[in-house]
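Chain letters run A, B, ... following the sequence lines, proteins first and then strands; every chain starts at 1.
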There are 2 protein chains.
Amino acid sequence: MALGRTYAEQDCSLARTLEVVGERWTLLVLRDCFLGVRRFCDIQAHLDLPRAVLSDRLKSLVAAGVLEQSGKEYTLTARGLSLWPAVYALQQWGERECAAAEGRRKLFRHVACGTDVDSVGFCSSCAVVPPVGEWEIRPGPGADLSLRQDRVAQVLAAGPHRLLEPI
Amino acid sequence: MALGRTYAEQDCSLARTLEVVGERWTLLVLRDCFLGVRRFCDIQAHLDLPRAVLSDRLKSLVAAGVLEQSGKEYTLTARGLSLWPAVYALQQWGERECAAAEGRRKLFRHVACGTDVDSVGFCSSCAVVPPVGEWEIRPGPGADLSLRQDRVAQVLAAGPHRLLEPI
DNA sequence: AGCCGAAGTTCATTCATTGAACTAAAGTCG
DNA sequence: CGACTTTAGTTCAATGAATGAACTTCGGCT
């Protein structure tokens, strides 16, 4: 038990979360789902991870009720969608603490009003934290658009993209 | 390189973050640091992880500037402290989505006013997200106080404990 | 029917984790 | 002071997970 994917009997909600999303690659797979990527090959090409690992992670996430599979498409469930604040918080830490020389790699904006959200996801003009479906991502000054050529990277490089909108 | 601890060249801040805190055990070690645990053996006993792994993770975190070591004590740097929103967001997801039958395992309160913070860390009576040093943790109805007997578990089971306060 | 791409599976190699045993230094007690 | 204990690690063989390449399977297209 103590080996691999679980964390020994701890009375700890963080350990419970990490048993679901704490394995290598899992959070990056979920981030792709938030971007709207739905197909196996698109995720695989974007993240450049072994197919066997992606297959395993998708199965685990479906089993945990974080993703659901219909045909060949994987989409976030309500449970999965509620991970967004955590994913965003981790992403923002990387933006601040592992910053690119030229600035933010990615910028997020509330589509309803056009205002950029802050580092906790708060929209200052609407005074709310918008649901993730109302967010839009666009490349920032620190983005390196030449790094990846896959389909997902191309869509994101092309300009603003609404989260969850199928890619 | 793509093996092990890093994530292939991705222009992605989430990947940068996960290179620092994404390995197995790392976030649980940091959670202990937020609780105020500072010594090697206390962390080891609380998490029940192999000493070799703890040693490796502490070295990595110090090298990444997330922790600093003075003598035998490890404490969070400013960089480390700014991970709290992400750690709390992940913990809250576990509380909601992997809930104990009896309710919350842990409850958090703003010490300045005594109000419980919400799931994004907002104190409704002060209308702020307090800095982590002003948070207090206490066992909730879903806590299983019999699971662990180590020193850290005992301190937490005994009653409210202010975060970052040395255990 | 034959071809192509998407979505996997299988497998040998490489790497990480585990747990037990060992070491070294600092603190405790008689 | 000297023996004992605790703390803070290191070392190592065995086990489990990740990798990348090759292979399979299925649906759609011509």
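Under a hydrophobic-cluster definition in which Ile, Leu, Val, Met, Phe, Trp and Tyr are linked whenever side-chain heavy atoms come within less than 4.5 Å, directly or via other members, Phe122(B) and Val132(B) are assigned to different clusters. With hydrophobic clusters built from ILVMFWY side chains whose heavy atoms lie under 4.5 angstrom apart, Leu163(A) shares a cluster with Leu83(A).
Under 4.0 angstrom from either OP1 or OP2 of dA16(C) there lies no side-chain N or O belonging to Trp25(B).
Remark: of the listed residues His110(A), Arg162(A), Arg109(A), Arg109(A) is the sole one forming a side-chain hydrogen bond (donor to acceptor under 3.5 Å, both in side chains) with Glu136(A).
When the C1' atom of dA17(D) is taken as reference, atom CZ of Arg24(B) falls 11 Å away, rounded to whole Å. Rounding to whole angstrom units, CD of residue Glu23(B) and P of dA17(D) are separated by 16 Å. Put simply, CD on Gln44(B) is 13 Å from C1' on dT6(D), counting in whole angstrom units. Between the CG atom of Leu54(B) and the P atom of dT7(D) there is a distance of 14 Å, given to the nearest Å. Here the P atom of nucleotide dA20(C) and the CG atom of Asp48(B) are 10 Å apart, to the nearest Å.
Once rounded to the nearest 0.5 Å, the distance linking OG1 of Thr17(B) with CZ of Arg96(A) reads 9.0 Å.
With sequence neighbours excluded, the residues satisfying ring pair (Phe, Tyr, Trp, His ring centres under 6.0 Å) with Phe34(B) are Trp84(B).
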For nucleotides 7-11 of chain C, give me every protein contact, N/O to N/O, under 3.5 Å, one pair per line with atom names.
| unit_1 | atom_1 | unit_2 | atom_2 | d |
| --- | --- | --- | --- | --- |
| dA7(C) | OP2 | Cys41(A) | N | 2.8 |
| dG8(C) | OP2 | Tyr74(A) | OH | 2.8 |
| dT9(C) | OP1 | Lys59(A) | NZ | 3.2 |
| dT9(C) | OP2 | Ser55(A) | OG | 2.5 |
| dT9(C) | OP2 | Lys59(A) | NZ | 3.2 |

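Applying the salt bridge (Lys or Arg N to Asp or Glu O under 4.0 Å) definition to pairs two or more places apart or across chains, none involves residues 120-130 of chain A.
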